[in-house]
Amino acid sequence: MDSSLVGNNRYWVLRHGKSIPNERGLVVSSMENGVLPEYQLAPDGIAQARLAGESFLQQLKESNIELDKVRICYSPFSRTTHTARVVAEVLNLPFHAPQCKMMEDLRERYFGPTFELKSHDKYPEIWALDEKDPFMRPPGGESADDVVSRLATAMESMEAEYQRCAILVVSHGDPLQMLQNVFHSAKQQEGDGLAERFQMSRVASVLSQHRKFALLTGELRPLI
């Protein structure tokens with residue numbers, strides 16, 4: 001990572017493990033539905049989260065990072081909260097303590113009432129819209145740019161709150177591929193600091209390309 005882009009923190013991203021909505025092929029993207037316990041991880045997803053936690057722990061050891069420097073920031077949805085809790089258990093970190101923090105700005109992209117609780121088969125329609133115009137919102141939902149805007153706020157908050165930490169960001173498919181995409185672009189920019197370079201990257205030619213950074217469920221990746 002370009003050290004001038006962020007301060008002295010290091011970041012990893014983790015997409016939640018396979019969830020009950022994933023198993024059922026459902027779009028669950030509203031806060032109202034997303035926090036419901038019936039939409040948490042499926043058994044396979046719990047195993048994926050545990051493996052991700054073990055992989056993260058190994059990477060921390062290889063980088064000589066002490067556990068007291070670890071922070072887990074997670075979306076409030078039940079599937080991401082569940083994932084973060086499993087990872088915290090693997091790391092032997094207390095989940096209800098300052099090292100683990102729920103951040104609403106890391107929530108799932110809201111795809112709008114047209115898609116909510118409908119089939120996963122609808123996703124390509126939204127991604128096609130993103131490629132055509134990432135500033136256009138699906139009816140009642142969030143555009144790619146809307147999501148990047150709140151992710152930028154989340155990143156600025158983490159940068160302000162933490163110093164010399166290893167930060168695991170536990171979120172969802174669309175937000176995390178958008179975060180990686182804009183980071184990749186921001187590294188190429190000449191602006192002053194994270195906020196300015198994020199802003200410079202919020203252009204259609206960049207925002208439309210987020211699918212290149214797609215993650216599988218339970219996939220851990222150093223932030224580009």
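Values in this document were obtained by computation on a predicted structure and should not be read as measured data. All residue numbers in this chain count up from 1 along the given sequence.
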Does [atom1] belonging to [X] count more than 12 external heavy atoms closer than 6.0 Å?
X    : atom1 : value
N92  : CG    : no
M136 : CE    : no
E62  : CD    : yes
E190 : CD    : no

Checklist entry - Between the main-chain N or O of E104 and the side-chain N or O of R107, is there a donor-acceptor pair closer than 3.5 Å? => result yes
Checklist entry - Do side-chain atoms of S157 reach the backbone of T153 as a donor and acceptor pair under 3.5 angstrom? => result no
Kindly indicate whether the side chain of [X], heavy atoms from C-beta on, has any atom under 4.5 Å from the side chain of [Y].
X    : Y    : result
L220 : V13  : no
K187 : Q189 : no
D174 : F111 : yes
H184 : F213 : yes
R79  : V28  : yes
I20  : E38  : no
Y162 : K69  : no
K101 : M158 : no

Checklist entry - Mind checking whether F115 and Y110 have ring centres under 6.0 Å apart? => result no
Next on the checklist: Before we go on, tell me: are the rings of H82 and H16 under 6.0 Å apart, centre to centre?
Outcome noted: no
Could you tell me which non-hydrogen atom of [X] sits nearest to which non-hydrogen atom of [Y], and how far apart they are?
X    : Y    : value
A49  : T83  : CB-CG2, 3.9 Å
P222 : Q59  : CG-OE1, 4.2 Å
E142 : R109 : O-NE, 3.0 Å
Q99  : L93  : NE2-CD2, 3.6 Å
A52  : G218 : CB-O, 3.8 Å
V35  : E32  : CG2-O, 3.8 Å

Out of curiosity, [X] [atom1] to [Y] [atom2], how far, rounded to the nearest 0.5 Å?
X    : Y    : atom1 : atom2 : result
L151 : Q180 : CG    : CD    : 11.0 Å
L117 : S30  : CG    : OG    : 7.0 Å
D130 : R137 : CG    : CZ    : 12.5 Å
S208 : D145 : OG    : CG    : 12.0 Å
F135 : S143 : CZ    : OG    : 7.5 Å
C73  : L168 : SG    : CG    : 8.5 Å

Next on the checklist: Among K212, Q209, H210, which residue satisfies the side-chain hydrogen bond (donor to acceptor under 3.5 Å, both in side chains) criterion with Q177?
Outcome noted: H210
Next on the checklist: Tell me which one of N181, V148, V182 satisfies side chain to side chain contact (heavy atoms under 4.5 Å, CB included) with S201.
Outcome noted: V182
Checklist entry - How far apart are the C-alpha atoms of F95 and T81, what are their side-chain angles, what is the distance that settles it, and do they pass the side chain to side chain contact (heavy atoms under 4.5 Å, CB included) test? => result CA-CA 10 Å; F95 188 62; T81 302; 4.0 Å; yes
Next on the checklist: Run the side chain to side chain donor-acceptor pair (under 3.5 Å) test on T217 and Q48 for me, step by step, so that the C-alpha distance in whole Å, both residues' side-chain angles and the decisive distance to 0.1 Å come before the verdict.
Outcome noted: CA-CA 8 Å; T217 55; Q48 287 178 339; 3.1 Å; yes
Taking [Y] as the starting point, is it possible to reach [X] by hopping between hydrophobic residues whose side chains are less than 4.5 Å apart?
X    : Y    : value
V90  : V170 : no
I72  : L215 : no
I167 : V87  : no
V27  : I126 : yes
L223 : L207 : yes

Ignoring hydrogens and angles, state whether a donor on the side chain of [X] or [Y] is under 3.5 Å from an acceptor on the partner side chain.
X    : Y    : value
N9   : E159 : yes
E54  : Q58  : no
S19  : Q40  : no
S149 : D146 : no
S63  : R10  : yes

Item to check | Residue pairs passing the salt bridge (Lys or Arg N to Asp or Glu O under 4.0 Å) test where at least one lies in residues 112-127, sequence neighbours excluded | outcome: K122-E125
Kindly assign one of parallel, tilted or perpendicular to the pair [X] and [Y], based on the angle between their ring planes and the thresholds 30° and 60°.
X    : Y    : answer
Y123 : W127 : parallel
W12  : F56  : perpendicular
Y11  : F183 : tilted

Checklist entry - Does the side chain to side chain contact (heavy atoms under 4.5 Å, CB included) test come out yes or no for T80 and M102, once each step is laid out? => result CA-CA 10 Å; T80 37; M102 184 272 284; over 6 Å; no
Checklist entry - Where do H120 and N22 land on the side chain to side chain contact (heavy atoms under 4.5 Å, CB included) test, with the steps shown first? => result CA-CA 8 Å; H120 273 185; N22 290 141; 3.6 Å; yes
Next on the checklist: Between V169 and L176, does the side chain to side chain contact (heavy atoms under 4.5 Å, CB included) criterion hold? Intermediate values first, please.
Outcome noted: CA-CA 9 Å; V169 178; L176 289 181; 4.1 Å; yes
